[in-house]
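Okay, so here's the structure we're looking at.
Order of the sequence lines fixes the chain letters, A, B, ..., with proteins taken first and strands second; residue numbering starts at 1 for each chain. Basis for what follows: all heavy atoms, side chains included, without hydrogens, waters or symmetry-related copies.
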Amino acid sequence: MVENDRWGLLLAHLILILGVAVVVFPVYVAIIASTHAPGTFLQGVMPLLPGSHAVENYRSVIFEGRSNAGAPPIGLMLWNSFVMAVLIAVGKIAVSLLSAFAIVYFRFPFRIFFFWVIFLTLMLPVEVRIVPTYQVVANLGMLNSYAGLTVPLIASATATFLFRQFFMTVPEEMLEAARVDGAGPWRFFKDILVPLSITNIAAMFVIMFIYGWNQYLWPLLVTTDDRYYTIVMGIQRMVTGADSEPLWHLVMATVVLAALPPILVILFMQRLFVKGLTETEK
Amino acid sequence: MQTKRMTFSSGWLPYLLLTPQVAITLVFFVWPASQALWQSMLRQDPFGLRTTFVWFRNFQRLFDDPHYLISLKTTAIFSLATTVLAMSLSLLFAVMVNRMIRSRDAYTTFLVWPYAVAPAIAGVLWWFIFNPSVGILPYMLRGLGIDWNHRLDGTDAMILVVIAAAWKQISYNFLFFLAGLQSIPQSLIEAAAIDGAGRFKRFWTIVFPLLSPTTFFLLVVNIVYAMFDTFGVIHATTEGGPAQATHILVYKVFRDGFVNNNLGSSAAQSVILMAIVIVLTVVQFRWIERRVNY
Amino acid sequence: MARIVMESLSKVYSGGVQAVSDVSLDVADGEMIVLVGPSGCGKSTLLRMVAGLETITSGTLHIGDTLVNGLEPAQRDIAMVFQNYALYPHMSVYDNLAYGLRNRGVPKPEIDRRVQAAAEMLQIGEFLPRKPRALSGGQRQRVAMGRALVREPAAFLFDEPLSNLDAKLRVQMRVEIRQLQKRLGTTSLYVTHDQLEALTLADRLVVLNGGRIEQVGTPMDLYRRPETVFVAGFIGSPAMNMIESAWARATSGLPDGLPAGSDLIGVRPDDLTLAAQPGGLALTGRVALLEPAGAESHVYVTLSNGQTVTYRTQGLPDLTEGAAITLHAPLSALHPFNTATGKRTG
C-alpha cells in the first residue's frame, strides 16, 4: 500500500504468529503427548517437550491396541477410513459428473424436476433424518458393510453443481467440433469433457476425500461390528468407552494418525484444495 | 436454467445418466425424510406393540418439554458463540494476511489445515488440553486463580465445545474472507487513501461493506456447521453434559432416537431440524442466485 | 468433391425468430463461396445448417447427391473450421487431427499418413506433439485447418476463421487458405463479416441481409453493379456515397438520362474527380477533413444539405480544409436506385 506503516505491519505479523500458534497448539500438544510413557500422565500436568516413547506408542496403537482399555488395534480402522474416503470421493465424482452431463448437455422432459431432486440432498443432511435413514440401511441389509458406509453418502448436490457450472463454461464449439468429428454423447463425455474437467475432478477429490475420512455420525450409525469401525469414530470409544481415565498417550497417538492423512492431503494439494473449496460453494 | 445451445438428442440416455444420483437421493434422502415426517405423527406404547396416529401431539409435547426448550436455547447459544468466534478470528487473520506479500502463502498454509481435522478429533484435542487433571490450560488457569472443570461446570463445558468447534472452522472462513478481500479492487482502497481515510477507517467504510456478501454467506454456512456438523464435537467429548449443558438439538435427536428409543419424539425433532436446514439453504441459495445468475 | 444445393432453406427458432428465409443457392463442385453480411444477417446460421449443427426448418439441402437434411454432422462428409478454432485443449496437435479419423474407424497407418501429409502441407509438423495452448494464434489456426484437411471431406465450411488473428496474420492466412483451396479443389463455404476478406477469397460472393440473399455474384460483379442499396453500401471501402436525386437536381448537378424512379444515386469515392465531367454529376460543398492514408487520401466533403461525401484520390491532393470544392462523376459511374424498393433501377 501507499503509506509506510512499519509498526502496523509488525503488529500484523504479531497477530498472525499468535493466530498460527493457537491453530497449531492443539496438534502440537497431541504429538508431544503421543511420545510419552503412560506414567507421565499420572504425575499431574503433561510436559511440553517430546518424550522417548514415540515408536513404542505408535506401534502399540496400530498393531496391538489395549483391548481391555477399550482400545483395539487401529490398523484396520485406518484402512476402513481410507477405503471409505476413497469410495465416497470416487463415487461422488462419478455420480455427479454423469448427472451434470445429463443436465447440461441434454434437453428432456422433467429436467428441472430432476435438478430439484438433486438439490434436495442439500436440504436433508444425515443429522436431520438419523433414525429413518438407519432403518432404511438396516432394511436393505447394508449395516456393517462398506456399501452401507459409502453408498448412501454418494449423492452430491455440491459436486453436481460444481461440474454443471464448469460444463457451462466449456465453449459451445467443443461439442460442435466433436460432433463434426463423429463423436456421440458417450465419446464426447469420455474423450473431451472428462479430460477437460480433470483439474476440477482433482479439486473435488481432495474435498470429498476429507469429507469421507471425517465422517463421524454415519459410521456410528451403520456399524456395530468393530471390523468396520473407522478411525474418527473409533477414537470416541477410546475416550469415553473406558471407565478409568483414558490412556492419553495412546489416544493422542491415535488422534495424530486419524488427523494426519487429510492434513497431508491438504498440505500437498493446497492449491487444488482451495480451488475445490471456494468453487463448490460459489 | 440453461443448457447448451446445442444438445444431444437421446430419449433415454439422460435418464440413465441421472439414475445413480436420483436413486440414491430417493432411497437414502427423500424416503427417510418422508418417514421422519410420518413417524413424527405416530406414538408407540412403551412396549412397542401398538402404534397410534397422534397428529401434531409429538410436536406439542416437545414444546411443552422443558428439556427440549433448554436444548433449543443451548443450541442457539452454542451456534451463535461458535459463529461469532470463528468468523471474527478468521476475518482478523484474513485482513492481516492480505497485507502480507512474501509471507502470505506461508501464513495461509499454517492457517488452512485444521479444515482437515474432523470435528470429533478437534473435540478430543481440546478435551485433552482442557483436561482438569493433565491438561495444560487448566494448569495455567489455576495459576490465575481460575478453577476449570468442564466435567462439573456447565459454562466451562460450553466454552470448551465452542472453542473446539470454532477452531476447526477458522480455516474455512479464513479462505473465503481472503478470497473476498482479494477480489476488492486495489484502486478503490487507493482512492480512499487519497481521500484521506486512515487504515482503520478504510476498513470499516470500504472493505467491510464490500465484503458483506462473503460475510453473509459465511454467516449461514457457520450456523449450519454449528448446528449440524458439530455432532462429533459433542458426542466425542461432553456427551451433552454436564447436566445437559451442551445438549444441542442434533445430539438430542440422536439420544432420543437411539438411546432412549423415543421414535415419535425423535422424528418430530428431525422434522423441526429439517425445517431449519431448508430455511437456511433457501436463504443461502437466494444469495448465490443473486451472485452467479443461475 | 461435391456440389452443394440449397433449395428454399429456412430456419425459424423456437422463439419464432426467423434467422434464414428461403435461401436457394447452387454451389458448384470446387467452388469457393463466401457468405458475407453484417452480424445477425443469418450467414453463420446458414453455414451451421449446412454443417448439421442447426436443424433445417424447411427446404432441402443436398451435398453431392445425398439429401442430408436429417443427417448428423459427422455423416455429411463435411469439415468445419471454427471461429475460435475449437481445438481440444487436452489433446496434442496430432491427436486433434486424428480424433475425427479414429472415431470413423480409419486404420492407424492411414491416419498417420493423412496427419503427416496435412502437417507438411500446413507446415505444422514440428508442433504435432505439442498441446494447442503452446501454440500462437496463427499456429492454432493452421491446426484447425489441418483438422479439416485430414478428413478429405466433400466440402470445407469456414466460420469466420480469421477473425481472431491480428491484421497482418489475417492477410497472410487469407492468402494461404485461398491457395490451399485452389490446389485441393474442394468445395468451400466461407463465412465472414469482413468485406475485404470476402472480395479477395470468393469465386462467388453471397450477400445476406436479414436472413435473405441480397445478391449473388463474382466479387467484381457485385462491386461494379450492386443490385440493391444494401449491397451498394456494404461492398466497397470507403462506402459508396448515396445522394438524394431531388436535392442534386435542385442544385442543378444531376445529369439527365437516369432511369425513371431513380430517387437515390450512388457514386463510389473512387469515381469522383475534381475535373469537370460534362453531362455528369456535380456536387458542391466544403472540405471538412483531409485524411492522408499513404498512397491515397480520403477527402470528406460537406454538401449544402449537411450530408458528408467521401472522395478518394491518389497521393495528397492540394486542398485546404474549409475551402469550397466541386466533385464530379461521369454518368457511367452512377448507380441509380429506388428507395422504396431498395433495388437498382437500371
Side-chain angles (χ1 to χ4, degrees), chain A residues 2 12 15-16 19-20 23 26 29-30 41 45-46 95 98-99 101-102 104-108 112 114-115 117-118 120-125 127-133 136 152 154-155 172 175-176 185 210 214 216-217 232 235-236 239 248 255 258-259 262-263 266-267 270 274 277-278 282, chain B residues 1 3-8 10 13-14 17-18 20-22 24-25 28-33 35-36 93 96 99 107 109-118 120-121 124-126 129 134 136 139 175 179 190 193 228 231-232 235-236 250 253-254 257 263 266 270 273-274 277-278 281 292:
Chain A
V2 258
I15 291 174
L16 284 174
V20 167
V23 164
V29 169
F41 299 96
V45 78
M46 69 154 289
V95 159
L98 293 175
S99 308
F101 180 50
V104 172
Y105 282 97
F106 292 84
R107 255 176 239 149
F108 52 95
I112 303 291
F114 284 114
F115 182 80
V117 170
I118 294 168
L120 269 180
T121 57
L122 269 185
M123 301 198 177
L124 302 169
E127 286 81 1
V128 310
R129 49 187 170 79
I130 296 176
V131 178
T133 313
V136 169
I154 275 174
E172 299 270 357
L175 171 58
E176 295 175 354
I210 294 169
N214 287 348
Y216 182 79
L217 176 57
V232 175
I235 286 173
Q236 185 264 345
V239 185
W248 285 116
V255 160
I263 289 178
I266 284 198
L267 291 184
Q270 193 175 334
V274 172
L277 195 67
T278 47
K282 245 192 333 220
Chain B
M1 213 189 44
T3 50
K4 291 284 178 179
R5 185 172 65 202
M6 194 179 75
T7 51
F8 289 108
S10 166
L13 188 56
L17 293 170
L18 283 166
Q21 174 104 292
V22 170
I24 292 168
T25 306
F28 296 106
F29 287 74
V30 177
W31 172 248
Q35 282 290 302
F93 295 158
M96 297 303 150
R99 288 184 61 178
Y107 280 126
T109 305
F110 272 112
L111 290 171
V112 297
W113 58 262
Y115 176 86
V117 178
I121 300 217
V124 172
L125 282 173
W126 287 96
I129 291 171
V134 300
I136 201 106
Y139 175 76
L175 280 174
E190 282 164 2
F228 302 100
F231 174 85
H235 185 255
V250 173
V253 176
F254 172 79
L263 291 186
S266 169
S270 287
L273 284 179
M274 238 179 263
V277 187
I278 288 172
T281 316
V292 277

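Considering CD1 of Ile263(A) and OH of Tyr115(B), their distance stands at 13.0 Å, rounded to 0.5 Å. Distance CG/Asn214(A) to CD1/Ile121(B): 7.0 Å, rounded to 0.5 Å. Taking CD1 of Ile154(A) as the reference point, atom OG1 of Thr25(B) lies at 11.0 Å (rounded to 0.5 Å).
The shortest distance between side-chain heavy atoms of Leu120(A) and Val30(B) falls below 4.5 Å. At least one side-chain heavy atom of Leu18(B) sits under 4.5 Å from a side-chain heavy atom of Ile118(A). Side-chain contact check for Leu13(B) versus Phe106(A): some heavy-atom pair is nearer than 4.5 Å. Using a 4.5 Å heavy-atom threshold, the side chains of Ile15(A) and Phe93(B) count as touching.
When all heavy atoms of Val23(A) and Phe110(B) are compared, the closest pair comes out as CG1-O, 3.6 Å. Here the closest non-hydrogen pair linking Ala102(A) and Pro14(B) is CB-O, 3.7 Å. Counting all heavy atoms, side chain and backbone alike, Ala116(B) lies closest to Ile266(A) at CB-CD1, 3.6 Å.
Ring geometry for Tyr105(A) against Phe8(B) counts as tilted: the plane angle lies between 30° and 60°, on a 0 to 90° scale.
Remark: the backbone N or O of Phe28(B) is paired with a side-chain donor or acceptor of Arg129(A) at under 3.5 angstrom.
Heavy-atom distances place the side chain of Trp31(B), and not its backbone, under 4.5 Å from chain A. Interface residue Thr109(B): backbone and side-chain heavy atoms are both found under 4.5 Å from chain A. Residue contact with chain B, scored on non-hydrogen atoms closer than 4.5 Å, involves the backbone and the side chain of Leu124(A) alike. Contact annotation for Val136(A): only side-chain heavy atoms (C-beta onward) come within less than 4.5 Å of a heavy atom of chain B. Both the backbone and the side chain of Ser270(B) come within contact range of chain A, with heavy atoms under 4.5 Å apart.
Of the listed residues (Ser99(A), Pro152(A), Pro125(A)), the one with the most heavy-atom contacts under 4.5 Å to chain B is Pro152(A). For the set Gly232(B), Gly257(B), Pro20(B), the count of heavy-atom pairs under 4.5 angstrom toward chain A peaks at Gly232(B). Comparing Ile24(B), Ile278(B), Val112(B) by heavy-atom pairs within less than 4.5 Å of chain A, the highest count is held by Ile24(B). In terms of heavy-atom pairs under 4.5 angstrom with chain A, the leader among Ile129(B), Val250(B), Val253(B) is Ile129(B). By number of non-hydrogen pairs under 4.5 angstrom with chain B, the leading residue of Pro262(A), Ala155(A), Pro26(A) is Pro26(A). Looking only at heavy-atom pairs under 4.5 Å with chain B, the residue among Thr121(A), Leu175(A), Val131(A), Val274(A) that has the most is Thr121(A).
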Could you please spell out the steps behind the side-chain contact (heavy atoms from CB on, under 4.5 Å) verdict for Leu125(B) and Val29(A)? CA-CA 8 Å; Leu125(B) 282 173; Val29(A) 169; over 6 Å; no
